[in-house]
Amino acid sequence: VFLYNFIEMYFIQELFTGFRGKPVSLTFNSCCDLYQEVVSKCKTLNGRFSSTPWLCSPHLQTAFLQFFGRAPACKYRRQIFQLSDGGIIALDWLRNIDVEKSSIERFDGVWSDDKSPIMLVIPGLTSDSDSAYIKHLAFKMAKRGWNVVVSNHRGLGGVSVTSDCFYNAGWTEDARRVIDHLHTQYPQAPLFAVGLSIGANVLVKYLGEEGVNTAIVGAAAICSPWDLLICDRYINRRLVQRVYDRALAIGLKGYAKLHQTVMSRLADWEGIVKARSVRDFDHSSTRVLADLETVDTYYRKASCTSYIGNVMVPLLCVSALDDPVCTREAIPWDECRANKNIVLATTHHGGHLGYFEGMTAKSLWWVRAVDEFLCALNSSSLIHSKKMQITTVHSPLETSIDQAPYVNITEDGLVTAFSNEPSGEVGSQQNEQPVEDDKVGDRIRGVNGAMQLETNATTQFDPRSESTRLGDAGSKGPGKMLVTPEPDLDAVIVPVKRCLNQLSRHSKISMWVLAYIAIITTWPILGSASPMFFKKKLRNIFSLKR
């Protein structure tokens, strides 16, 4: 029983449901065309995910991918790409003729006028083209007739570090150079990109930085950490997560030892050798190489969450709610829902990049999902437009609340920007397919129609300091006073209702059962107090009659 709970198995739950799995939850904006034209045609994304019966655990899914993987054989053709700073990157190509065993064997590249779509793959932390999950994806897409190129990180894939620059979770310059190179070399081929784990963070951050100026026409981000600071806190929270933290630190130290001659000159080598966690390694190496003061500063700057609003190309994001490395707490639900170019697909199970399905565990669910999504997108009209929707692009670290002089606080606690300028709709339409969560009880409700801010349900708040307001009152002009709103009964009732609803939703118990439990638990006290109360009442009545 202890082991069953420790590794978070769900075999019994799946057994009672006949191993049908649970439906995939899609979060998207109802105004976008991405769902209507592309995602709605993907049976995998609109269906269910059922884990392999003997891998009904996020930890078993993740460990099985790492140690076994069952990856197909891929014969890559390597291209060395030279960077402007003197560094090199290994680009490993896998074409359709490489997996079909065609008679053409002497051709070592891709014709410049080839119109076959190209898929760029950005691997995860310390991973390269030989990783099992990379081979699953590359082989699947090459069989579809696509040209797949894996952009290995600096110092990985068997190449040396030839400059004083290393990669990290927020380093997008290498991806930018590779994408520009591919677009220049193959201008007639549509260019797609898929990021995995840390590679997903790099890809989303790059798309947000570039906006409409990128050559990418479609992308997918699989198991992204989203917010590195939240993931850092999560991975040190429980014993089982610390195992992953330790394993990742060992991989990073192995990477550093491969390039010790350069790393020892630029970073704190003694600290790297003593590092026992990812945070320790980042403190001694990544932070120093990036010239940042603290590790938290690096995590905040490298996270892609603040760049989601600027993504202007069709993007599919896939995350598992039981991911043991990239916690569900970091998933940017609202940011993805607000962007009309993004569809977020979440599953209850799957682990970190695992998603093994079927009795033999030979295929990965997310590979099928990416395959269907990219193929449907390639045949749609969305890739022909560089800008899907006319959207106001904000700075990645600046929101509308930072720009507006006032904010509105609605009855449900939502804080929105408010200004004196006339505006049309407030908010945007949303839509999503809800799915029940067994553990925490998340239920995302779709909202059809725009949100309207009512005057009687909001309170205008002037963010200026009190000293400034007093200065205004003491000036020559007439003083301005803030009118205190009259107390409203709804202001007290609504928060209580919201708390009760959250309590009922999170505990999966109806309010009637909660009321029943309250009566049962308080009955001994009420029962002992009631005779004394009624006895005193009867005594007063008889005394009056006399």
Side-chain angles (χ1 to χ4, degrees), residues 1-26 42-73 124 127 131-141 143 196-197 220 222-223 238-241 243-244 247 316-328 331 344-373 433-443 508:
V1 172
F2 171 78
L3 182 63
Y4 184 91
N5 289 278
F6 182 76
I7 62 176
E8 302 176 53
M9 290 196 68
Y10 47 89
F11 178 82
I12 297 178
Q13 294 91 322
E14 290 291 298
L15 182 63
F16 281 122
T17 59
F19 295 99
R20 295 179 60 246
K22 294 187 177 180
V24 181
S25 176
L26 298 177
C42 301
K43 294 182 179 179
T44 302
L45 293 173
N46 290 278
R48 295 171 168 269
F49 167 66
S50 179
S51 303
T52 299
W54 44 278
L55 291 176
C56 286
S57 164
H59 309 293
L60 293 179
Q61 288 269 355
T62 306
F64 190 81
L65 176 66
Q66 178 68 28
F67 295 108
F68 301 99
R70 297 189 176 182
S127 298
S131 300
Y133 63 91
I134 298 290
K135 290 184 176 180
H136 276 283
L137 176 62
F139 187 85
K140 181 76 171 180
M141 299 308 296
K143 292 281 287 185
L196 304 156
S197 191
I222 312 300
C223 294
R238 297 174 55 197
L239 176 61
V240 65
Q241 266 69 44
V243 175
Y244 292 98
L316 171 67
C317 303
V318 177
S319 294
L321 299 181
D322 65 350
D323 193 319
V325 179
C326 302
T327 173
R328 57 181 296 171
I331 298 177
L344 172 64
T346 54
T347 59
H348 281 83
H349 306 299
H352 186 68
L353 295 174
Y355 286 96
F356 284 100
E357 58 182 357
M359 289 298 298
T360 57
K362 289 185 178 180
S363 63
L364 306 182
W365 176 87
W366 66 263
V367 173
R368 288 198 300 114
V370 171
D371 173 31
E372 287 188 4
F373 173 77
Q433 298 177 356
V435 62
E436 236 182 19
D437 184 9
D438 289 339
K439 292 186 179 179
V440 183
D442 281 354
R443 186 180 295 274
K508 292 287 184 169

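Computed over heavy atoms, backbone and side chain alike; hydrogens, waters and symmetry mates excluded.
Here the NE2-NZ distance, from H136 to K362, works out to 11.0 Å after rounding to the nearest 0.5 Å. Here the CG atom belonging to L353 is positioned 10.0 Å from the CD atom belonging to Q66, to the nearest 0.5 angstrom. How far NE2 of H349 is from CG of L55: 13.0 Å, rounded to the nearest 0.5 Å. The line from CD of Q13 to NE2 of H348 is 11.5 Å long, rounded to the nearest 0.5 Å. For the atom pair CZ (F2) and CD1 (I7), the distance works out to 10.5 Å, reported to the nearest 0.5 Å. One finds the OG1 atom of T346 at 7.5 Å from the CG atom of L26 (value rounded to the nearest 0.5 Å).
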### Message
What verdict does the side-chain contact (heavy atoms from CB on, under 4.5 Å) test give for T44 and V24, after you've listed the backbone C-alpha separation in whole Å, the side-chain angles of each residue and the deciding distance to 0.1 Å?
### Response
CA-CA 9 Å; T44 302; V24 181; over 6 Å; no

### Query
Can R368 and E357 be said to form a side-chain contact (heavy atoms from CB on, under 4.5 Å), step by step?
CA-CA 11 Å; R368 288 198 300 114; E357 58 182 357; 2.7 Å; yes

### Task
Please lay out, stage by stage, how W366 and T347 fare under the test side-chain contact (heavy atoms from CB on, under 4.5 Å).
CA-CA 10 Å; W366 66 263; T347 59; over 6 Å; no

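The side-chain heavy atoms of V240 and P324, taken from C-beta on, include no pair separated by under 4.5 Å. Counting heavy atoms from C-beta on, the side chains of S50 and E14 come closer than 4.5 Å. Between I331 and L321 the shortest side-chain heavy-atom distance falls below 4.5 Å. You'll find the side chain of H59 stays beyond 4.5 Å of the side chain of V243, heavy atoms only. Inter-residue side-chain proximity for I222 and Y133 is flagged as unmet; no heavy-atom pair is nearer than 4.5 Å.
Of the possible polar contacts, one joining the E372 side chain to the K43 backbone as a donor-acceptor pair under 3.5 Å is found. The backbone N or O of M359 sits less than 3.5 Å from a side-chain atom of W54, completing a donor-acceptor pair. Between the side chain of D371 and the backbone N or O of V367, no donor-acceptor pair lies under 3.5 Å. With hydrogens and angles ignored, the 3.5 Å screen pairs a side-chain donor or acceptor of T52 with a backbone N or O of G358.
Shown here for S51 and Y10, the closest heavy-atom pair between the two residues is OG-OH, 2.8 Å. Nearest heavy atom pair, residue G69 against residue A132, reads CA-CB, 3.8 Å. Across F11 and P53, no two heavy atoms sit closer than the pair CD1-O, 3.4 Å. Listed here is the closest heavy atom pair of A361 and R70: O-CD, 3.7 Å. Y355 and C223 get closest at one heavy-atom pair: CE1-SG, 4.1 Å. G21 and R48 get closest at one heavy-atom pair: O-NH1, 2.7 Å.
Atom OH of Y4 has more than 12 neighbouring heavy atoms from other residues, nucleotides or ligands inside a 6.0 Å radius.
Exactly one residue among F19, W365, F356 makes a ring pair (Phe, Tyr, Trp, His ring centres under 6.0 Å) with F49. That residue is W365. Only one option out of D322, T62, L196 pairs with H352 in a side-chain contact (heavy atoms from CB on, under 4.5 Å); it is T62.
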